[in-house]
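So the structure is just underneath, and the comments pick up after that.
In this text, all values refer to a predicted model and were calculated from it rather than measured experimentally.
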Amino acid sequence: MTFTRLLVGIALLWGTSGRLCLAQEIRIAAAADLQSVMQDIASRFQKETGKSVKPIYGSSGNFFQQIQQGAPFDMFFSANLDYARKLEAAGLIEPGTFYQYASGKIVIWIPNNSKLDLTSGLQSLLNPAIRKIAIANPQHAPYGQAAVAAMKKEKVYDEVADKLVLGENISQTASFVVSGAADAGIVALSLALSPNMKDKGRYAEIPGADYLPIEQACVILKSSQQKDTAKAFLNFIKTPAVAELFRTYGFDVPSGSTSQ
């Protein structure tokens, strides 16, 4: 009888500790442009708090649809403000958690072995040697929408439209150019500066006046079962140290958005 009670006690203790471990981890739906910076942020957060962050990367539009259908995420880091605002309007976020954390930028990126001269900016894409140009799918990726807007502003879109190769998100778009599946790409500056790309090619920034600001926001989802950990992570995102990390990866951080 004593042995049976001991087994029951161990089982109860194991179950409780298992739940406590799970309660220390949050799942984040994160825009693909955050792939490198979020790894650094999550690592620092875990080191300081003992709580872990599990990011899943993809296009903001796809995540928006998944969250509406009940996908089990605790937070959503969008590559624009619109999707987060729509979730807020639908009552799907924890009140008061909408936070604009950064603004992204786009660049033309080519591999090191390319002979393309980027000094003319987007006009360089008119070079006949360019057969395929990778951009994120503008139907659901904010970076793809910015790429199309910039090309139209510079009056090159109609000339190169039949050369466009669409990535599911901005990370896949970048991989098309790195792998040689495309000759050039319009990608996030944050990815061009990432360890996976910075030594493999060169880039030219596209003037910010050519496209609407890629303002990005995050929210805690009302369906989250780990709200305390999510709130701790949101507060961590607001610190000056994290703002500096975002700047290191080429993002702009809104003035006055950080807290001590």
Side-chain angles (χ1 to χ4, degrees), residues 19-35 37-104 140-143 145 188 190 212-249 251-260:
R19 285 194 296 274
L20 286 173
C21 287
L22 287 174
Q24 302 300 301
E25 180 177 89
I26 54 171
R27 284 168 51 89
I28 288 178
D33 67 318
L34 300 174
Q35 205 151 359
V37 68
M38 188 59 76
Q39 287 177 1
D40 280 355
I41 295 171
S43 175
R44 291 191 186 195
F45 179 70
Q46 184 166 11
K47 190 176 294 184
E48 291 189 20
T49 68
K51 301 171 182 178
S52 61
V53 175
K54 183 179 181 182
I56 293 89
Y57 301 103
S59 78
S60 299
N62 285 344
F63 279 138
F64 172 68
Q65 292 178 348
Q66 292 170 21
I67 290 167
Q68 286 181 304
Q69 294 164 6
F73 295 113
D74 298 292
M75 295 185 73
F76 175 39
F77 280 73
S78 177
N80 68 4
L81 304 183
D82 190 45
Y83 292 130
R85 285 289 188 209
K86 285 180 177 177
L87 292 177
E88 183 178 43
L92 295 177
I93 79 165
E94 190 69 9
T97 62
F98 179 97
Y99 177 68
Q100 184 179 335
Y101 59 88
S103 294
H140 53 240
Y143 277 89
Q145 294 159 11
S190 62
L212 292 174
I214 309 174
E215 297 172 319
Q216 309 191 188
C218 64
V219 293
I220 297 174
L221 299 174
K222 186 172 280 187
S223 59
S224 170
Q225 300 298 305
Q226 319 293 349
K227 288 190 177 70
D228 287 345
T229 302
K231 287 175 181 176
F233 189 63
L234 178 58
N235 288 333
F236 189 70
I237 291 291
K238 296 178 180 180
T239 61
V242 171
E244 193 54 41
L245 262 183
F246 276 119
R247 293 188 186 99
T248 299
Y249 281 93
F251 292 93
D252 283 337
V253 177
S255 58
S257 66
T258 59
S259 58
Q260 299 296 331

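- Between Thr97 and Leu234 the shortest heavy-atom distance is O-CD2, 3.8 Å.
- Taken to the nearest 0.5 Å, the NE2 atom of His140 stands 4.5 Å off from the CG atom of Asn62.
- Here Ile67 contributes atom CD1 and Lys86 contributes atom NZ; the two are 13.5 Å apart, rounded to the nearest 0.5 Å.
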Problem - Stepwise side-chain contact (heavy atoms from CB on, under 4.5 Å) test for Ser78 and Phe63 - result: CA-CA 8 Å; Ser78 177; Phe63 279 138; over 6 Å; no
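- Here the options are Phe45, Tyr101, Tyr99, the test is ring pair (Phe, Tyr, Trp, His ring centres under 6.0 Å), and the partner is Phe236; only Phe45 passes.
- Residues Phe246 and Leu34 meet the side-chain proximity criterion, which asks for heavy atoms closer than 4.5 Å.
- Residues Val242 and Val253 form no side-chain contact, since every pair of their non-hydrogen atoms from C-beta on lies 4.5 Å or further apart.
- When atom types are taken as modelled, the side chain of Lys227 and the backbone of Lys222 share a donor-acceptor pair closer than 3.5 angstrom.
- Note: Lys47 NZ to Ser52 OG = 15.0 Å, rounded to the nearest 0.5 Å.
- To the nearest 0.5 Å, atom NZ of residue Lys231 and atom CD of residue Glu94 are 5.0 Å apart.
- Here the OG-CD distance, from Ser59 to Gln66, works out to 8.0 Å after rounding to the nearest 0.5 Å.
- Listed here is the closest heavy atom pair of Ala32 and Tyr57: CA-CB, 4.3 Å.
- Taking a 6.0 Å sphere around CG of Leu212, one finds it holds 12 or fewer heavy atoms contributed by other residues, nucleotides or ligands.
- The aromatic ring centroids of Tyr83 and Phe76 lie 6.0 Å or more from each other.
- Between the side chains of Gln216 and Asp33, a donor-acceptor pair is found at a separation under 3.5 Å.
- Using modelled atom types, one side-chain atom of Ser60 and one backbone atom of Ala79 make a donor-acceptor pair closer than 3.5 Å.
- The environment of Gln225 atom CD is sparse: at most 12 non-hydrogen atoms of other residues, nucleotides or ligands sit within 6.0 angstrom.
- Taking each heavy atom of Phe98 and Ala217 in turn, the nearest pair found is CZ-CB, 3.6 Å.
- Between Asp40 and Arg44, none of the side-chain N atoms (NZ, or NE/NH1/NH2) sits under 4.0 Å from a carboxylate O, so this pair counts as no salt bridge.
- No side-chain donor-acceptor contact under 3.5 Å links Asp74 to the backbone of Ile28.
- For the atom pair Cys218 SG and Leu81 CG, the distance stands at 11.0 Å (nearest 0.5 Å).
- Side-chain N or O atoms of Arg27 include none that pairs as donor or acceptor with a backbone N or O of Ile56 at under 3.5 Å.
- Under the side-chain contact (heavy atoms from CB on, under 4.5 Å) rule, Phe233 has a single partner from Ile41, Thr49, Ile220, which is Ile41.
- Thr248 contributes a side-chain N or O that, together with a main-chain N or O of Glu244, makes up a donor-acceptor pair within less than 3.5 Å.
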